[in-house]
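Just follow the structure's listing: the first ligand is 1, and inside any ligand the first atom is 1. No hydrogens, no waters, no symmetry mates; every other heavy atom, side chains included, goes into these values.
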Amino acid sequence: MSDVIALGQPTVGEAELAAIAEVFASGWLAGSGPTSRRFEERFAATVGTRHALATSNCGSALHLALLTLGVKPGDEVIVGDYTFPATGHSVMWTGARPVFTDVRPDTWTVDPAAVEAAITPRTVGIVAVDVFGQPADYDELRVIADRHGLFLVEDAACSAGAAYKGRPAGSLADIATFSFHGRKGITAGEGGAYVTDREDLSSHARKLLSYGVESALNRAELSHLAIPAFTDLGYNYRLSDVAAAIMISQLDRLPDLLATKRAIAARYGELLKGHELITLPYEAPDREHPWQSYVVTLDARVDRGAVAMELRQRGVQCTFGTYASHLQPLYGQADRCPVSADLFVRHLAIPMHANLTEAQVETVAATLVDVVGSFAAR
Ligand SMILES: *Cc1c(COP(=O)(O)O)cnc(C)c1O
């Protein structure tokens, strides 16, 4: 199995181990402690927002985003269709209904015209997804949101280090949410973040992420014994300080990881370009793609399932892209998103992570070209 080329792989090592050892020595391993606060300050500075809260994952950050924006049962929230389950699920956790909306055929992010068409009197907001990390059309979405009095949330799960018109992902909406799951660009195994410029939202979220109780760290800093009262039905959505320590090291690595993946994406582009059955991913000229995944679109004549099985047989890990949410039985919706439905059946994700060698990138590309050619209907 050692010859298998992994689809995704974290880049972690001595720096992260040393950071963990420091937290052990400090005695504060629980969440929302001094190390989490240090990470939050670093992360806010990285994404260019006033506030950042470390959370247990991106799903919990999305849930907090919707709760702090006041989403309630009976509301409708417009969601970019081509995404991971967390985006639609988090809307359902509030009792509201996700209204899945089709995506652009090139960037795969939500189509602003489709958003506009999906607005009803019940619509309260929009959750745009930075698909595989590439930011959505935030200027156009902001205009639509403002015109209709809607909130705008950025599901930035995959987009740490990405940019839109020179602005960092995370700073592009009222609230943005990140994931630090093992398959994302920077990781502590599990983890997430909620970021915003708005003090009212951030202080409400800070409470909700810790059972609705003022944090122990804030209380420890007071000169009297503070007994908190709980007014909100909060959750335990904290990131542990052990994970926060790992994340501080990962932020140190972020520029290198991005540069390495950018070079790999460019190399794939050279090796795969011009193939009649393979369409390369598109990076919009006004955006910086962080390449959380590298996803190609196979021609409709190619048997994707057979290609994927043969690639795996030859030691090249691969998978589908992400989900056409409107087709998932849980949501039971009649929404129509033909572009997303098409991407769902034709996308193939191939190995992309910062530990790939030049030789592995060449092997992946050569194997893909060979296998695609042999599973295409003529
Ligand atoms: C991975 C992902 C999530 C979920 O992240 P978790 O940290 O596992 O909750 C949400 N949205 C998108 C777009 C993702 O890719």
Side-chain angles (χ1 to χ4, degrees), residues 7-10 31 39 43 52-67 77-94 98 100-101 103-104 107-110 126-136 138 141 152-162 164 169-170 172-173 175-195 205 209 235-240 243-244 246-247 250 281 289-295 319-326 328 330-331 337 340 343-344 347 349 352-353:
L7 181 65
Q9 201 174 71
F39 166 64
F43 196 63
L53 276 65
T55 63
S56 51
N57 53 61
C58 182
S60 56
L62 278 166
H63 192 197
L64 291 175
L66 297 166
L67 291 172
V77 177
I78 293 174
V79 174
D81 190 64
Y82 196 53
T83 188
F84 193 74
T87 327
H89 283 28
S90 63
V91 173
M92 290 182 69
W93 293 336
T94 68
F100 295 109
T101 305
V103 299
R104 285 174 48 163
T107 57
W108 316 330
T109 55
V110 76
I126 305 163
V127 181
V129 179
D130 298 343
V131 179
F132 308 124
Q134 174 157 239
Y138 289 99
L141 292 170
L152 180 58
V153 169
E154 177 184 3
D155 182 343
C158 301
S159 43
Y164 171 80
L172 305 171
I175 299 172
T177 61
F178 287 86
S179 174
F180 308 130
H181 177 266
R183 278 286 284 116
K184 311 297 185 183
I186 45 175
T187 182
E190 299 281 352
Y194 168 117
V195 304
L209 77 73
Y235 306 83
N236 179 354
Y237 283 170
R238 295 182 299 263
L239 184 75
S240 85
I246 298 172
M247 288 313 303
Q250 290 278 288
H289 202 310
W291 300 109
Q292 181 268 338
S293 291
Y294 192 90
V295 178
T319 189
F320 61 100
T322 188
Y323 299 86
S325 301
H326 74 289
Q328 301 309 313
L330 171 73
Y331 303 126
C337 303
S340 172
L343 302 173
F344 184 46
H347 268 176
M352 172 53 92
H353 55 82

Begin from the C-alpha positions of Ser293 and Met352 and carry the test side-chain contact (heavy atoms from CB on, under 4.5 Å) through to its verdict.
CA-CA 6 Å; Ser293 291; Met352 172 53 92; 5.6 Å; no

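For ligand 1, the polar-atom distance check against His181 finds no nitrogen or oxygen pair separated by under 3.5 Å. Remark: ligand 1 and Gly59 share an N or O pair separated by less than 3.5 Å (distance only, no angle test). Residue Phe84 has no N or O atom closer than 3.5 Å to an N or O atom of ligand 1.
For the residue pair Asp81 and Thr101, no side-chain donor N or O sits within less than 3.5 Å of a side-chain acceptor on the partner. Side-chain atoms of His347 and Tyr82 form a donor-acceptor pair, as typed in the model, at a separation below 3.5 Å. Using modelled atom types and a 3.5 Å distance limit, the side chains of His289 and Tyr294 yield no donor-acceptor pair.
For ligand 1 and Gly191, the ligand atoms under 4.0 Å from any heavy atom of the residue are 7 (O). With ligand atoms numbered from 1 in the order given, ligand 1 contributes 15 (O) to contacts under 4.0 Å with heavy atoms of Cys158. Residue Asn57 approaches ligand 1 through these ligand atoms, each under 4.0 Å from one of its heavy atoms: 6 (P), 7 (O), 9 (O). Residue-ligand proximity, Cys58 to ligand 1, at heavy-atom distances under 4.0 Å covers atoms 4 (C), 5 (O), 6 (P), 7 (O), 9 (O), 10 (C). Close approach to Thr83 involves these atoms of ligand 1, each under 4.0 Å from a residue heavy atom: 13 (C). Listed by number with element, the atoms of ligand 1 under 4.0 angstrom from any heavy atom of Val129 are 13 (C).
Between the Ser240 side chain and the Ala243 main chain, a donor and an acceptor come within less than 3.5 Å of each other. Here the side chain of Thr55 pairs a donor or acceptor atom with the backbone of Asn57 at under 3.5 angstrom.
Under the 4.0 angstrom criterion for non-hydrogen atoms, Ser60 is not in contact with ligand 1. In this structure, Gly192 falls outside the shell of residues with a heavy atom less than 4.0 angstrom from ligand 1.
When side chains are defined from C-beta on, Trp108 counts as touching Val295, because their heavy atoms get closer than 4.5 Å.
Of the protein's non-hydrogen atoms, the one nearest atom 10 (C) of ligand 1 is Ala86 CB, 3.5 Å. In terms of protein heavy atoms, atom 11 (N) of ligand 1 is closest to Asp155 OD2, 2.8 Å. Ranking protein heavy atoms by distance to atom 7 (O) of ligand 1, first place goes to Ser179 OG, 2.7 Å. The protein heavy atom nearest to atom 12 (C) of ligand 1 is Ala157 CB, 3.3 Å. At the shortest separation from atom 1 (C) of ligand 1 among protein heavy atoms lies Lys184 NZ, 1.8 Å.
Two rings, from Phe43 and Phe180, have their centers less than 6.0 Å apart.
The side-chain tip of Lys184 points at the ring of Phe84 from less than 6.0 angstrom away and within 45° of straight on.
Tyr235 is linked by a ring pair (Phe, Tyr, Trp, His ring centres under 6.0 Å) to His63, Tyr237, counting only residues two or more places apart in sequence or in another chain.
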